[in-house]
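We count residues from 1, following the sequence as given. For ligands, and for the atoms within them, numbers begin at 1 and follow the listed sequence.
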Amino acid sequence: MVDEDSKELRSLIEDTAEYVSYLRELGVAGVEEFAVDEDAIPSARKPDTRIAHEKSVASVSHALRRNAEAATEKVADEAAHPKPFEKSAIKSAAGLTEMAKRTPKRTPELEPPPPQETLFGEITPKDEASLPQVNETLEDIWNDIGECTRCPLNEGRTHVVNSEGHPRARLMFVGEAPGADEDAQARPFVGRAGQLLNKIIEAIGMKREDVFIGNVNRCRPPQNRTPTLAEAATCKPFLLREIAVVRPEVIVVLGNTAMKNLLDTKEGITKMRGQFLDYRGIKVMPTFHPAYLLRDPSKKRECWEDMKKVREYLDGKKQF
Ligand code: URA
């Protein structure tokens, strides 16, 4: 038990240190230095060691939250100018893909350019493509993502799995990350969980083509593990940009990872599900992930209750 505790703490500390150095490498502002104190690990059960670790984790979370808030404010500002989005989003949906690729080709340079002040704090120019652009379309975002190598998940993937669906959808679903089927087909939610999601959508009288479906991460994590904080933080800006373009009325977050990445909450999905929350003026309904419902079908009933509320809200029958 004691050994296990120390092992777990060591792994947490190492993860945190790796994550902090990754953020610092990206030039993310406000992330404090973090060094692994090897001597502290064997005495992992000492309360002060745990407190030090928790403080470091809290400071990383705080920096991330501040950066994410700055980013989402800009995204919301851009959403306040709907006309150009609307026109160009519909154009891309209709398959009129004449649009010039906006992302400039970057010539290799001997020295990396200095970090710049941006929406996400100080970042190096290699991350410019994750920033929102004025009047962008879904296609612009997907071009920016390209054959992404921004985080280590690219190493194990076959395909980047971008979001799909109606570009002006009233309802959006957000999951965690692609699984094996999605990775093979380059489409979100096409495996068993996806088939259940289709049924959930149909149960509220909609079709898959009517909604917009995406994930926090676009590359399949090894062994379908949960994406790390760093992996989620790297990929999430693209999801936020898609939300700004599509501007759904309701976002259903499927499971803990999606919920915690979109909303500022420490609570788990079991507690949070079934109540409308807010993301920048958009109603957000947390519910169970379909993969969890496949493991525990008795929870489908609660998911159905949550989806009925979504239907009622979209029908304007009820104020929430
Ligand atoms: N699970 C997810 O979270 N996303 C998918 O695309 C498929 C399964």
Is the shortest distance from a Lys or Arg side-chain nitrogen in [X] or [Y] to a carboxylate oxygen in the other one below 4.0 Å?
X      : Y      : value
Arg220 : Glu182 : no
Asp144 : Arg241 : yes
Glu249 : Arg170 : yes

Exercise for review: Return the set of residues passing ring pair (Phe, Tyr, Trp, His ring centres under 6.0 Å) with Phe276 (not counting sequence neighbours), or none when no residue passes.
Suggested key: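 With neighbours one apart ignored, the set is Tyr313, Phe320.
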
Ignoring hydrogens and angles, write down the donor-acceptor pairs under 3.5 Å from the side chains of residues 188-201, residues two or more places apart or on other chains.
| unit_1 | atom_1 | unit_2 | atom_2 | d |
| --- | --- | --- | --- | --- |
| Asn198 | OD1 | Arg208 | NH1 | 3.0 |

If you look at each N/O of ligand 1, which protein N/O atoms lie under 3.5 Å away, and at what distance?
| unit_1 | atom_1 | unit_2 | atom_2 | d |
| --- | --- | --- | --- | --- |
| ligand 1 | 1 (N) | His289 | NE2 | 3.3 |
| ligand 1 | 3 (O) | Glu176 | N | 2.8 |
| ligand 1 | 3 (O) | Ala177 | N | 3.4 |
| ligand 1 | 3 (O) | Ala177 | O | 3.4 |
| ligand 1 | 3 (O) | Asn215 | OD1 | 3.4 |
| ligand 1 | 3 (O) | His289 | NE2 | 2.8 |
| ligand 1 | 4 (N) | Ala177 | O | 3.0 |
| ligand 1 | 4 (N) | Asn215 | OD1 | 2.8 |
| ligand 1 | 4 (N) | Asn215 | ND2 | 3.4 |
| ligand 1 | 6 (O) | Phe189 | N | 2.9 |
| ligand 1 | 6 (O) | Asn215 | ND2 | 2.9 |

Residues 210-218 side chain polar contacts: donor-acceptor under 3.5 Å, at least two apart:
| unit_1 | atom_1 | unit_2 | atom_2 | d |
| --- | --- | --- | --- | --- |
| Asp210 | OD2 | Lys207 | N | 2.8 |
| Asn215 | OD1 | Glu176 | N | 3.2 |
| Asn217 | ND2 | Glu231 | O | 3.0 |
| Arg218 | NH1 | Asn162 | OD1 | 3.0 |
| Arg218 | NH1 | Glu242 | OE2 | 3.1 |
| Arg218 | NH2 | Glu242 | OE1 | 2.9 |
| Arg218 | NH2 | Glu242 | OE2 | 3.4 |

